[in-house]
Peer 1: 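Encoded as structure tokens, here's the structure I'll be asking about.
Starting from 1, each residue takes its place in the sequence as its number. Both ligands and their constituent atoms are indexed starting at 1 by order of listing.
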Amino acid sequence: MNRLEGKKVVITGAASGIGRAAAQLMAAEGAQVLVADLHESAAEQTAREIRESGATAVGVGVDVMDEAAVASMIDRAVAEFGGITTLCNHVGGSNPHKDLDLLRLDLDEWDRVMALNVRSTVVASRLAIPHMIEAGGGSIVNTASVGGLLGDSLQCAYGSAKAAVIRLTQYIATQYGRQGIRCNAVAPGAIMTPALRDNLPADVVAGIQAANALDMLGSAEDIGYAMVYLASDESRYMSGQTLVVDGGMTAQSPLAAGRRSMLGD
Ligand SMILES: NC(=O)c1ccc[n+]([C@@H]2O[C@H](COP(=O)([O-])OP(=O)(O)OC[C@H]3O[C@@H](n4cnc5c(N)ncnc54)[C@H](O)[C@@H]3O)[C@@H](O)[C@H]2O)c1
């Protein structure tokens, strides 16, 4: 409790999945949270539930692709909380039906994915940093992905965009560290948000689990707890880093699952 006392948090993409869990956990730790999402009513619903639990939250609609809307979101947080100490650039993704391998990917989707994952992070961070400097420092938490660390057979744009988010995290940490601003990223592995779990065939889910070192699948809260840590002063000596939370997927050799079965495990 109260690990985020005094923190004034803006989190985008917070009406569902990982972002929603992170917003709930941050509010439970004492932060004031601006829950921002494309789906305004869902953002308001999430904020209402947080308030009902006795914590502080405000829900707002925002399209992170729209610079003016992002500016309004930042202004709203300052008006509601009297400043901003923490920004979680959480929105991201790509359309796996259009974001294929290099030769087959849709170039318009490439541009959209770069804007959704990378440009949105640039835009919101530029608008929030002056407020963080005014507050005496702050923490930016970007959501990357293990897709930004490894090659894959599909989603060339998504992986490239998340790699850019990881490098951008280092640039922000470098350029504003002297003004007390930390910037870190979290890189989730496969996370079973309800939407994903309900839409994937059982054998695909089993295949994902087999690729992990741990014999389990991650939940939205597993990433939310990492985001709480990066938002809190417990990580005050950490900046420019990417915290990988992936069930050990990127720790093990691609051969490990097959070799486990050679042992009969
Ligand atoms: N779920 C996973 O397995 C996984 C793995 C690695 C990384 N990630 C990353 O985590 C983040 C969220 O993933 P999730 O699985 O929780 O997604 P999700 O689909 O459950 O939630 C995404 C939220 O973002 C909102 N959103 C979408 N476009 C937006 C826009 N333009 N402006 C504002 N809000 C917008 C949606 O309305 C939704 O509420 C993304 O950056 C994603 O790349 C997820």
Peer 1: Would you kindly specify which portion of H90 sits under 4.0 Å from ligand 1, judged on non-hydrogen atoms: side chain, backbone, both or neither?
Peer 2: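 Looking at H90 and ligand 1, atoms from backbone and side chain both fall under 4.0 Å.
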Peer 1: Would K162 count as a polar contact of ligand 1, with the cut-off being nitrogen or oxygen pairs under 3.5 Å?
Peer 2: yes
Peer 1: Could you pull out the closest heavy-atom pair between I208 and A190, with the gap in Å?
Peer 2: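 That closest heavy-atom pairing would be CG2-CB, 3.3 Å.
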Peer 1: Can you figure out which of S219, G189, A190 has its heavy atom closest to atom 5 (C) of ligand 1?
Peer 2: G189
Peer 1: Between T193 and ligand 1, find which residue part has any heavy-atom pair under 4.0 Å and reply side chain, backbone, both or neither.
Peer 2: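 It is the side chain that touches ligand 1; the backbone stays farther off.
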Peer 1: For S120, which part has a heavy atom under 4.0 Å from ligand 1: side chain, backbone, both, or neither?
Peer 2: neither
Peer 1: Which of the atoms in ligand 1, numbered in the order shown and given with their element, are less than 4.0 Å from a heavy-atom of V62?
Peer 2: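 By the 4.0 Å cutoff, the relevant atoms are 32 (N), 33 (C).
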Peer 1: Short N/O distance, under 3.5 Å, between A144 and ligand 1?
Peer 2: no
Peer 1: Please work out, at 4.0 Å between heavy atoms, whether the side chain, the backbone, both, or neither of L116 comes within that distance of ligand 1.
Peer 2: side chain
Peer 1: Less than 4.5 Å apart, side chain to side chain, heavy atoms only: is that true for V35 and V33?
Peer 2: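 In short, these two side chains touch, coming nearer than 4.5 Å.
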Peer 1: Might you work through the salt bridge (charged side-chain N to carboxylate O under 4.0 Å, His left out) test for E52 and R48, ending with a clear yes or no?
Peer 2: CA-CA 6 Å; E52 283 165 7; R48 196 174 312 120; 5.5 Å; no
Peer 1: Please identify which atoms of ligand 1 are closer than 4.0 Å to at least one heavy atom of H39.
Peer 2: 37 (O)
Peer 1: Roughly how far apart are D37 CG and D63 CG, rounded to 0.5 Å?
Peer 2: 10.0 Å
Peer 1: Could you tell me, atom by atom, which parts of ligand 1 come under 4.0 Å of a heavy atom of T143?
Peer 2: 9 (C), 10 (O), 11 (C), 41 (O)
Peer 1: Polar-atom distance check: I191 versus ligand 1, any N or O pair below 3.5 Å?
Peer 2: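 Min N/O separation from ligand 1 is below 3.5 Å for I191.
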Peer 1: Looking at D63, which atoms of ligand 1 are within less than 4.0 Å of one of its heavy atoms?
Peer 2: 30 (C), 31 (N), 32 (N)
Peer 1: By number and element, which atoms of ligand 1 are closer than 4.0 Å to a non-hydrogen atom of G93?
Peer 2: 43 (O)
Peer 1: Do any nitrogen or oxygen atoms of S145 lie less than 3.5 angstrom from nitrogen or oxygen atoms of ligand 1?
Peer 2: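 No - when backbone and side-chain N and O of S145 are compared with those of ligand 1, no distance drops under 3.5 Å.
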Peer 1: Nearest to atom 19 (O) of ligand 1 by heavy atom, G17, A115, S16: which?
Peer 2: S16
Peer 1: Step by step, work out the side-chain hydrogen bond (donor to acceptor under 3.5 Å, both in side chains) result for T46 and R20.
Peer 2: CA-CA 7 Å; T46 299; R20 178 181 153 88; 3.0 Å; yes
Peer 1: Any N or O of L38 that comes nearer than 3.5 Å to an N or O of ligand 1?
Peer 2: yes
Peer 1: Is M65 close to ligand 1, meaning an N/O of one under 3.5 Å from an N/O of the other?
Peer 2: no
Peer 1: Working to the nearest 0.5 angstrom, can you tell me the gap between R236 CZ and L230 CG?
Peer 2: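 Going from the CZ atom of R236 to the CG atom of L230 covers 15.5 Å.
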Peer 1: Please step through side-chain hydrogen bond (donor to acceptor under 3.5 Å, both in side chains) for the pair S219 and D222, ending with a clear verdict.
Peer 2: CA-CA 5 Å; S219 71; D222 290 319; 3.2 Å; yes
Peer 1: Using 0.5 Å steps for rounding, measure from the CD atom of E5 to the CG atom of N2.
Peer 2: 4.5 Å
